[in-house]
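Single-structure report; data block below.
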Amino acid sequence: ESGEFLAAFQKRIDAEEKIEPNDPMPEGYRKTLVRQIGQHAHSEIVGMLPEGNWITRAPTLRRKAALLAKVQDEGGHGLYLYAAAETLGVTREQMTEELLSGKAKYSSIFNYPTPTWADIGTIGWLVDGAAIMNQIALCRCSYGPYARAMIRICKEESFHQRQGYEIVMTLAKGSPEQKELAQDSLNRWWWPSLMMFGPSDRDSVHSEQSMAWKIKRFSNDELRDKFINATVPQAEYLGLKVPDPDLKWNEEKGGYDHGEIDWDEFWRVVKGHGKMNRDRIAARKKAWDDGAWVREAALAHAEKRRNRQDA
Ligand code: 3HC
């Protein structure tokens, strides 16, 4: 691509114009969006699995109904995002193939097990809370279809976060055993939730270019800090202890200092060696294989209809 083409494109970005599917765009811009939107969509679909596990085990009908609605929402978020990625010329089949073959990533957070009901609350509170931090910024992404998908998704995420926090609040204000369930869950999900924001800025390979193209509006560490600053008071209100001995309020910066993240764990999980990576991909593969007959029947039906119309 010529220098003037890239300069003209950057001028549109700097003028806060939205880039639409049929606009001329640098190949790198298209590629990084296919990468990020595809992985975001995979995260939504895989994210249905840890929670789906508890739909039949929810403690009350009200909790079951809220969890059912949330898991269905996540499936819808996946569809919006796959559709946004398709506007960039990639097909659903290609993206699915990349997920099932392990080539495409999805958020590391979904590779952790959900052994207790408290985890369903903590996921809504922390995981959807972290997702909201990230997704509010993406509502202002320079790529039109992605930004517009985010606006709808963020409205539903707020419900996800509130229902999760209410579950944790109920446990934290319940019996000592219930409070212990909530604390144990926070202990297991706090650090993996911080890892959702990605590697530290110095190790982030895409941030600089993504920020120049206004795909990313805040750096990984900026969003992570915003999340910590908003979430620690919520834990304190519930009488729960954030499992970071180095967490300390820093008056000067008006935010919390926190302990070092275990980046070995982060990369191990990202590279497929977390507790649940194999189970998640196996579940997705089974769903894809079990659904083959539906796809074939729909294609056969469409073919017959086309033949009838042509006849
Ligand atoms: N899990 C898996 N991979 C991760 C990751 C994580 N938590 N964080 C970063 N990575 C990967 C990146 O994808 C990149 O690898 P790649 O080149 O193969 O794609 C590499 O680590 C380097 O990270 P960078 O910071 O350079 O990459 P990005 O600029 O893409 O930033 C990101 C990472 C902040 C996650 C960004 O991709 C993003 O904002 N994605 C959209 C939001 C998203 O995907 N959220 C996931 C959760 S969705 C969710 O929680 C649903 C809710 O309903 C619960």
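All ligand and atom numbering here is 1-based and tracks the order in the structure. On a predicted model such as this, the values are computed, not experimentally measured, just so you know.
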Exercise. Among pairs that include at least one residue of residues 160-188, which meet ring pair (Phe, Tyr, Trp, His ring centres under 6.0 Å), considering only residues two or more places apart or in two chains?
Worked result: H77-H160, W125-Y165
Exercise. L299: which other cluster members, linking ILVMFWY side chains closer than 4.5 Å, directly or transitively?
Worked result: none
Problem set entry | E16 bridged to R217 by N-O distance under 4.0 Å | yes
Exercise. Salt-bridged, R92 to E97, with N to O below 4.0 Å?
Worked result: no
Do any nitrogen or oxygen atoms of ligand 1 lie under 3.5 Å from a protein nitrogen or oxygen, and which ones?
{"residue": "ligand 1", "atom": "1 (N)", "partner": "S108", "partner atom": "N", "Å": "2.9"}
{"residue": "ligand 1", "atom": "1 (N)", "partner": "S108", "partner atom": "OG", "Å": "3.4"}
{"residue": "ligand 1", "atom": "7 (N)", "partner": "S108", "partner atom": "OG", "Å": "3.1"}
{"residue": "ligand 1", "atom": "7 (N)", "partner": "M195", "partner atom": "O", "Å": "3.1"}
{"residue": "ligand 1", "atom": "13 (O)", "partner": "Q39", "partner atom": "NE2", "Å": "3.1"}
{"residue": "ligand 1", "atom": "17 (O)", "partner": "H206", "partner atom": "NE2", "Å": "2.6"}
{"residue": "ligand 1", "atom": "18 (O)", "partner": "K105", "partner atom": "NZ", "Å": "2.6"}
{"residue": "ligand 1", "atom": "19 (O)", "partner": "R35", "partner atom": "NH1", "Å": "2.9"}
{"residue": "ligand 1", "atom": "19 (O)", "partner": "Q39", "partner atom": "NE2", "Å": "3.1"}
{"residue": "ligand 1", "atom": "25 (O)", "partner": "S204", "partner atom": "OG", "Å": "2.9"}
{"residue": "ligand 1", "atom": "25 (O)", "partner": "N220", "partner atom": "ND2", "Å": "2.8"}
{"residue": "ligand 1", "atom": "26 (O)", "partner": "S204", "partner atom": "OG", "Å": "3.0"}
{"residue": "ligand 1", "atom": "26 (O)", "partner": "V205", "partner atom": "N", "Å": "3.0"}
{"residue": "ligand 1", "atom": "26 (O)", "partner": "H206", "partner atom": "N", "Å": "2.9"}
{"residue": "ligand 1", "atom": "29 (O)", "partner": "K216", "partner atom": "NZ", "Å": "2.9"}
{"residue": "ligand 1", "atom": "30 (O)", "partner": "R35", "partner atom": "NH1", "Å": "2.9"}
{"residue": "ligand 1", "atom": "30 (O)", "partner": "R35", "partner atom": "NH2", "Å": "3.2"}
{"residue": "ligand 1", "atom": "31 (O)", "partner": "K216", "partner atom": "NZ", "Å": "3.2"}
{"residue": "ligand 1", "atom": "39 (O)", "partner": "Q36", "partner atom": "NE2", "Å": "3.4"}
{"residue": "ligand 1", "atom": "39 (O)", "partner": "N134", "partner atom": "ND2", "Å": "2.9"}
{"residue": "ligand 1", "atom": "40 (N)", "partner": "Q36", "partner atom": "NE2", "Å": "3.4"}
{"residue": "ligand 1", "atom": "53 (O)", "partner": "E44", "partner atom": "OE1", "Å": "3.2"}
{"residue": "ligand 1", "atom": "53 (O)", "partner": "E74", "partner atom": "OE1", "Å": "2.8"}
{"residue": "ligand 1", "atom": "53 (O)", "partner": "E74", "partner atom": "OE2", "Å": "3.3"}
{"residue": "ligand 1", "atom": "53 (O)", "partner": "E157", "partner atom": "OE1", "Å": "3.3"}
{"residue": "ligand 1", "atom": "53 (O)", "partner": "E157", "partner atom": "OE2", "Å": "2.7"}

Exercise. Taking ILVMFWY side chains as joined if any heavy atoms are under 4.5 angstrom apart, and letting links pass through other members, which residues group with M211?
Worked result: none
Exercise. Taking side chain as C-beta onward, heavy atoms only, is K216 less than 4.5 Å from N220?
Worked result: yes
